[in-house]
Amino acid sequence: MGYDHKTQQDLRKRPATIVDVADAAGVAIGTVSRHLNGQPVRMANRDRIEQAIATLGFRRNSTAVAMKTDVTHIVGFFVPSLSEFHAQMLEHLTRQMRRKGRAVLSYFHDLQRDSIHEGLEFFARHRVDAIVVDGEMAMQHDLSRLVDEGMVVVLYDNDLPGLAADRVFVSNRKSSTRLVNHLIELGHRRIATLHGDLRDTAANERLGGYKDAMEAHGLPLDPALIKNSRWHESVAYEHTAELLALPEPPTAIFAANYNMTLGVIARLHEARVSIPQDMSIVSFDDVAALRLHNPGITTVGQPIPKLAETISTIIDERLAEPSAMGRRTLTIDCDILLRDSVRRLT
């Protein structure tokens, strides 16, 4: 298992620990913990763990084992940052879990590969019952391993195609289509969109909804009006300046999240472009800043309480029947919240 003679001699000077077993078996500490507590792990990992236990003479502390159960009543919440959207989700998910006698343990990874790996190992070590995850491609390998070892995983916001997990998403594409249709129905034809990072499924779905609406009405997809602002306020600010400088600027802008919408608003105000008299705006995500802006911004409102409730129900079901690890996808419709940021042209 990679231990040389000196290492084995060193280990005989003290009782072997679960860390030693994990190192010897070449698996995560959480994997050893799950095996020792009777939870399912892959057969190959189980065999390596048992061989390491025999080689090291590892003995569990019977008192400590007796204090443990197969459930910890802790759910992990794994997201890149505590943005306003994720903060609202954390609040509502925590409230739902508290009603079920569970706590939520949060970890923010900042889209850093090392932080993603460390975060998932952190959850494994703490033997959380389930992890609620905003999907990111850099976590696919580690998360797949945890799922294989029996971890309950629920994806929201962004998908990880192929992962054997349940999913709770909002109707990103359908809602974006409805929002752009609203602009078209009010006479807008040159409609720009600022979309998110296309590594993310939510960005692809929202851009797809924009294209669906434009194509359904026979409107051209002008590349000059489609900007990859990568979810960022500062990038959206710069792209709005580019749109205003076009020989024929758009009459309306669809920003695919609230951060980008704030960048749009800032640049329009700086350029003394009036909303909606000179430029109409619609946004995906409804946050306080957009509700309180004068005029209020027309948005897609994500039903965060319903998302949290649905995730909580799925976790209940999976923990009650762990062998039924799912690939179920539930899609929740959003509301279009009409305010005063769109002007009728016809």
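The shown structure was predicted, so the numbers you read here are calculated from the model rather than taken from an experiment. Residue indices begin at 1 and follow the sequence shown.
The backbone N or O of Leu337 sits nowhere less than 3.5 Å from a side-chain atom of Asp335 that would complete a donor-acceptor pair. No side-chain donor-acceptor contact under 3.5 Å links Asp340 to the backbone of Gly296. Judged purely by atom type and a 3.5 angstrom limit, Thr72 uses its side chain to pair as donor or acceptor with the backbone of Arg127. Between the side chain of Arg190 and the backbone N or O of Glu248 there is at least one donor-acceptor pair closer than 3.5 Å. Of the possible polar contacts, none joining the Asn259 side chain to the His232 backbone as a donor-acceptor pair under 3.5 Å is found. Side-chain atoms of Asp166 do not come within 3.5 Å of backbone N or O of Val154 as any donor-acceptor pair. Not one N or O on the side chain of Asp129 forms a donor-acceptor pair closer than 3.5 Å with the backbone of Val75.
Every residue meeting the side chain to side chain contact (heavy atoms under 4.5 Å, CB included) condition with Ala289, not counting sequence neighbours, appears here in chain and number order: Leu262, Val287.
For the pair Arg145 and Glu121, the salt-bridge criterion is met [side-chain N within less than 4.0 Å of a carboxylate O].
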When the side chains of residues 298-309 are checked against the rest of the protein, which donor-acceptor pairs come out under 3.5 Å, sequence neighbours left out?
residue : atom : partner : partner atom : Å
Thr298  : OG1  : Arg339  : N            : 2.8
Thr299  : OG1  : Asp286  : OD1          : 3.1
Gln302  : NE2  : Asp285  : OD1          : 2.7

Donor-acceptor contacts, no H, no angles, side chain residues 103-112, under 3.5 Å, sequence neighbours left out:
residue : atom : partner : partner atom : Å
His109  : ND1  : Leu111  : N            : 3.0
Gln112  : NE2  : Asp110  : O            : 3.3

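Residues Val132 and Tyr156 come closest through the heavy atom pair CG1-CD2, 3.7 Å.
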Going through the distances and angles, do Met97 and Ile315 end up as a side chain to side chain contact (heavy atoms under 4.5 Å, CB included)?
CA-CA 10 Å; Met97 292 300 163; Ile315 289 173; 3.5 Å; yes
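Side-chain contact annotation: Asn181 with Arg178, donor-acceptor N/O pair under 3.5 Å absent.
Side-chain contact check for Trp231 versus Asp200: some heavy-atom pair is nearer than 4.5 Å.
For Arg113, the CZ atom counts as loosely surrounded, since its 6.0 Å shell holds 12 or fewer non-hydrogen atoms of other residues, nucleotides or ligands.
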